[in-house]
Amino acid sequence: MPEPGAAPRRSPQGVPYSDLPHIVNADGLHLFCRYWEPDGPPRALVFIAHGAGEHCGPYDKIAQRLKGLSLLVFAHDHVGHGQSEGDRMIIKDFQVYIRDSLQHIDLMKSRYPDLPIFIIGHSMGGAISILTACERSSDFAGVVLIAPMVQMNPDSATPFKVFLAKVLNHMLPSLTLGSIQSKWVSRDQTEVEAYDADKLNFHGGLRVSFGIQLMGAAARIEREIPSISWPFLLLHGDADKLCDIRGSKMMYENAPSSDKGFKIYEGGYHALHNDLPEVAESVLKEVTTWITERLPDTTSPQPQ
Ligand SMILES: O=C(c1ccc2nc(C3CCCCC3)oc2c1)N1CC(N2CCN(c3ncccn3)CC2)C1
């Protein structure tokens, strides 16, 4: 409880957290949460992990579709993102994202102990999803990965650039690398303009220290892949310029899971779920079908 008379903690946008759905993480930071709760009893829990520089709001379309199938969807803005506390796009250790995700997942599992739980992750959120599932390898009924960051793009993260980034991280950790060119992330101009106009997104450059954390996460994932046994579905565009599809191919070929799927979208850009309408709709259908096929009871509503 806050000290008597203390000023209320407010979101970066100035809204008191007492007025917002939130959790408080292990470092005492308030994380803004979203929940999409079905009218009737939920059939499963679905946690959505968003990517770097964005927030969980743009996953409303996916969440609404899943809610319509009686699934309870939940998400939060990661530390330093959106309406959560924390310096923008700065993380002391990538493990904080995984720890906070497990905290939120455990909270929801305590409320719905008998429901299966799925994770959906995009880009860096895909890396968070993979490492979260690896920490609880028997807890998840399935993991859906939309253009996950499995490997840093070998063209942008050459050995020399990785070495340079590590040197710079000691000398100038706040130095910013390039920023994300949203026009290369989606072919849908409406989505690009919405992303660029969304003040909850971080539009600054990506710090060297953050890039080092991303590289560290990618290295952890590469070590974990040979022991991945949980069910997963990979969706990746072969024109993705941010997270190379070769990472997804490597995961699909090397993970020993007996239940794994991989759909390649020819010409697809990075944010497949917000790419051209026909691609976004296909992603919605693939995700909802894959999850409902893995629910214990198939007599309830099926995706259209
Ligand atoms: O999580 C990421 C992400 C992952 C890996 C990255 N590597 C870099 C580079 C950047 C240059 C220096 C070296 C590292 O940036 C990354 C971002 N995300 C989530 C993705 N965003 C992109 C923008 N989005 C968007 N854009 C247009 C239309 C709709 N959404 C939302 C998703 C990117």
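Atoms within each ligand, like the ligands themselves, are counted from 1 in listed order.
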Within a reach of under 6.0 Å around [atom1] of [X], are more than 12 heavy atoms found that belong to other residues, nucleotides or ligands?
| X | atom1 | value |
| --- | --- | --- |
| D87 | CG | no |
| E266 | CD | no |
| D39 | CG | no |

Number the atoms of ligand 1 from 1 as they appear, then name those within less than 4.0 Å of a heavy atom of [X], with their elements.
| X | value |
| --- | --- |
| S182 | 26 (N), 27 (C) |
| I180 | 15 (O), 17 (C), 22 (C), 33 (C) |
| G51 | 1 (O), 19 (C) |
| E191 | 28 (C) |
| S123 | 1 (O), 2 (C), 3 (C), 4 (C), 18 (N), 19 (C), 20 (C), 33 (C) |
| E54 | 31 (C), 32 (C) |
| H270 | 20 (C), 33 (C) |

Of the protein's non-hydrogen atoms, which lies at the shortest distance from [atom], and what is that distance?
| atom | value |
| --- | --- |
| atom 11 (C) of ligand 1 | G178 O, 3.5 Å |
| atom 22 (C) of ligand 1 | V185 CG1, 3.6 Å |
| atom 12 (C) of ligand 1 | L177 CB, 3.7 Å |
| atom 30 (N) of ligand 1 | Y195 CD1, 3.8 Å |
| atom 14 (C) of ligand 1 | L206 CD2, 4.0 Å |

N or O contact, M149 vs ligand 1, cut-off under 3.5 Å: no
Can you say whether the rings of [X] and [Y] are parallel (under 30°), tilted (30 to 60°) or perpendicular (over 60°)?
| X | Y | result |
| --- | --- | --- |
| H104 | Y35 | perpendicular |
| W184 | Y269 | tilted |
| H76 | H78 | perpendicular |
| H122 | Y59 | tilted |

Say whether H122 and ligand 1 are in contact under the criterion: heavy-atom distance to a ligand atom below 4.0 Å. yes
For atom 1 (O) of ligand 1, which of the options A217, A52, S186, A271 provides the nearest non-hydrogen atom? A52
Proximity winner for atom 8 (C) of ligand 1, if only heavy atoms of D188, V208, L242 are counted: L242
Kindly work out whether a path of hydrophobic side-chain contacts (I/L/V/M/F/W/Y, heavy atoms less than 4.5 Å apart) joins L242 to V208. no
Distance-only donor-acceptor check, side chains Y195 and S186, under 3.5 Å: no
We want to know whether D60 and W36 form a side-chain donor-acceptor pair, criterion being a heavy-atom distance below 3.5 angstrom. yes
